There are 2 protein chains.
Amino acid sequence: MAGPPKQDVVSPLMPDRSSAVYAGLRRAIIEQALLPGDRLPEDTIGEQFGVSRTLVRSSLTRLASEGLVEQRRNKGAYVASPSLASARDIFDVRRKLEDLVVQLLAGRLNQDDAKKLREHVEQERSAHAQDGPESIRLAGEFHILLAEMTGNALLARYVSEVTSRCSLILALYGRPHSSECAVNEHAQLIDALEAGRSEDACRIMAHHIGAVQERAHIDNTPRNEQRLKSILSHYAGTASRGLRP
Amino acid sequence: MAGPPKQDVVSPLMPDRSSAVYAGLRRAIIEQALLPGDRLPEDTIGEQFGVSRTLVRSSLTRLASEGLVEQRRNKGAYVASPSLASARDIFDVRRKLEDLVVQLLAGRLNQDDAKKLREHVEQERSAHAQDGPESIRLAGEFHILLAEMTGNALLARYVSEVTSRCSLILALYGRPHSSECAVNEHAQLIDALEAGRSEDACRIMAHHIGAVQERAHIDNTPRNEQRLKSILSHYAGTASRGLRP
DNA sequence: CCTATCCAGATTGTATACAATAATGCAGAG
DNA sequence: CTCTGCATTATTGTATACAATCTGGATAGG
């Protein structure tokens with residue numbers, strides 16, 4: 001990438017640059033490219049994404065409302081670092097929400113959706129095999145996908161939020177160990193849901209969430225500095241991609 | 001322009017004018033002074049609160065993230081008017097969340113908190129006697145208070161959100177009939193929680209939420225026009241008051 | 001050598017200016 | 001009379017400018 005080409009290349013396909021900033025930052029946080037406690041200066045971000053501070057601020061506020069970012073007055077925004085206590089709180093809420101998801105979906109999962117879910121699990125498998133940063137994101141997106149299939153928009157939003165926050169929690173307290181079992185549990189859950197075995201589905205989900213929480217132990221990994229620019233330059237380009245493969 | 005008196009009277013006691021706009025609009029919506037579908041032009045609001053569009057926008061975005069306001073691109077913000085389908089969705093989620101509140105609080109309610117709750121119920125009673133607009137808000141705030149007492153901040157936020165949205169739903173579909181029973185049910189709930197009768201508490205809460213949902217039927221009341229300015233001029237002044245009496 | 005104070009730089013908070021888009025109303029044709 | 005097309009106006013979307021606040025370091029005093 002020679003010369004100083006303005007990064008307006010995105011214009012034709014970018015109806016909403018604000019969402020691009022939001023999505024880019026969100027992915028960077030979920031995939032743990034940005035770690036809890038990292039500072040998020042408006043200038044730097046705006047530069048990388050090619051927008052003014054106005055849009056950056058609005059994105060940061062949105063992320064803050066979802067709990068991924070903390071905004072401290074006159075001190076700027078940071079990637080949130082939830083305490084152990086709030087981690088427990090988040091899991092308590094998550095369990096209830098996922099309960100509802102299973103309850104709404106058991107026996108009502110159509111073949112189309114089941115197929116989509118199985119394809120997603122396959123993606124998880126291959127991402128996990130490559131040990132890439134995407135496996136974290138994909139594992140979470142499975143739950144979001146499931147919640148969206150209930151047709152309950154509020155539930156989907158809440159599940160999306162707690163799922164994202166769990167990524168943060170694992171980044172802070174989780175063991176680096178792989179999420180092999182998670183992928184299998186996802187597959188089992190689909191089977192149970194499709195077959196209408198709601199008891200099983202509920203049990204599997206409970207166990208699964210428990211396993212995720214289990215992985216949360218103290219394990220503070222040091223973080224590098226000044227990676228921000230290079231990270232953002234990566235996420236600025238791929239920001240618009242959604243759940244699709 | 002000549003020197004019109006700036007309405008900066010609030011400065012000394014207003015550390016955060018942005019929150020004032022947010023709180024004022026929120027109350028106006030919860031108390032049904034602003035009704036679902038009402039337009040919320042940035043200029044008008046900014047004028048009334050004495051702030052620039054910047055802060056108004058940020059407040060509207062925040063309200064939108066809570067589901068009280070809908071923002072449509074290039075078309076401005078409106079008080080949200082949830083569909084009947086999404087009303088059902090909201091109640092589904094609310095039931096689960098309130099379940100968790102009861103579960104966390106049963107037998108763990110200290111005397112201080114119980115006292116505070118009983119005082120709140122008294123407020124509800126008197127507001128209901130006067131048939132003022134505050135009774136709507138207070139009924140909701142009971143549930144928010146309860147959720148806050150769990151110490152689970154996320155749960156409190158979610159309960160606050162679904163509670164607010166329920167106010168909207170009642171404004172749209174609710175019968176104008178009073179919420180007498182609700183006040184009594186609140187009192188019963190406190191007793192059950194304090195005594196540690198978690199079964200009872202859970203049952204009362206379920207019945208209570210059911211009763212609230214019951215009141216949601218089609219009953220479209222026409223809305224007046226151009227009340228906006230006068231409404232806002234009222235809420236601009238009283239914006240900073242919180243839960244305290 | 002350590003501590004306190006103050007200045008300069010950097011960063012955020014808010015207002016305003018300008019650009020882009022949608023809403024409105026009028027004119028003319030059918 | 002109604003409908004279509006265009007010009008005007010109102011409102012939102014974004015960028016920039018300025019004010020307020022915080023941060024870090026240099027310097028003087030203990």
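Everything numeric in this text was worked out from a predicted model, so none of it was measured. Below, all heavy atoms of this structure are taken into account, side chains as well, without hydrogens, waters or symmetry copies. Naming: A, B, ... by sequence-line order, numbering from 1 per chain.
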Checklist entry - Atom CZ of B:Phe49 and atom C1' of C:dA15: how far apart are they, to the nearest Å? => result 18 Å
Item to check | Distance below 4.0 Å between B:Arg72 side-chain N/O and C:dA23 OP1 or OP2 | outcome: no
Checklist entry - Parallel under 30°, tilted from 30 to 60°, perpendicular over 60°: which one fits the rings of B:Phe142 and B:His120? => result tilted
Checklist outcome for this item: To the nearest angstrom, the CZ-P distance between B:Arg53 and D:dA10 comes to 15 Å
Checklist entry - How close or far is atom P of C:dG13 from atom CG of B:Leu55, stated in whole angstroms? => result 11 Å
Next on the checklist: Within 45 degrees of the ring normal and closer than 6.0 Å to the centroid, is that where the cationic atom of B:Arg72 sits relative to B:Tyr78?
Outcome noted: yes
Checklist entry - Distance-only, no hydrogens or angles: does the A:Asp113 side chain make a donor-acceptor pair with backbone N or O of A:Asn110 under 3.5 Å? => result no
Checklist entry - What is the distance from CD of A:Glu70 to P of C:dT12, rounded to the nearest Å? => result 15 Å
Item to check | Side-chain donor/acceptor of A:Ser160 to backbone N/O of A:Ala156, under 3.5 Å | outcome: no
Checklist entry - Does a side-chain heavy-atom distance below 4.5 Å link A:Ile30 with A:Leu68? => result yes
Next on the checklist: Using a distance-only criterion (donor-acceptor N/O pair, under 3.5 Å, no hydrogens), is the base of D:dG13 paired with the side chain of A:Arg17?
Outcome noted: no
Checklist entry - Does a donor on one side chain and an acceptor on the other come within less than 3.5 Å for B:Ser164 and B:Arg26? => result yes
Item to check | Phosphate OP1/OP2 of D:dT14: any A:Thr54 side-chain N/O under 4.0 Å | outcome: no
Checklist entry - How long is the line joining CZ of A:Arg39 and P of D:dG24, in whole Å? => result 9 Å
Checklist entry - When the distance from CG of A:Asp43 to P of D:dA17 is rounded to whole Å, what number comes out? => result 13 Å
Item to check | Side-chain N or O of A:Arg73 closer than 4.0 Å to phosphate OP1/OP2 of C:dT11 | outcome: no
Checklist entry - Atom CG of A:Leu60 to atom P of C:dG13: distance rounded to whole Å? => result 10 Å
Checklist entry - Does B:Arg57 have a side-chain nitrogen or oxygen under 4.0 Å from the phosphate oxygens OP1 or OP2 of D:dT11? => result no
Item to check | Nucleotide C:dT16, atom P - distance to CD of B:Glu42 in whole Å | outcome: 15 Å
Checklist outcome for this item: Note: contacts of residues 74-82 of chain A with DNA chain D (heavy atom, under 4.0 Å) are A:Asn74, A:Lys75
Next on the checklist: One thing to verify: whether A:Arg27 and A:Glu134 come together as a salt bridge, which I'm taking to mean a side-chain N less than 4.0 angstrom from a carboxylate O.
Outcome noted: yes
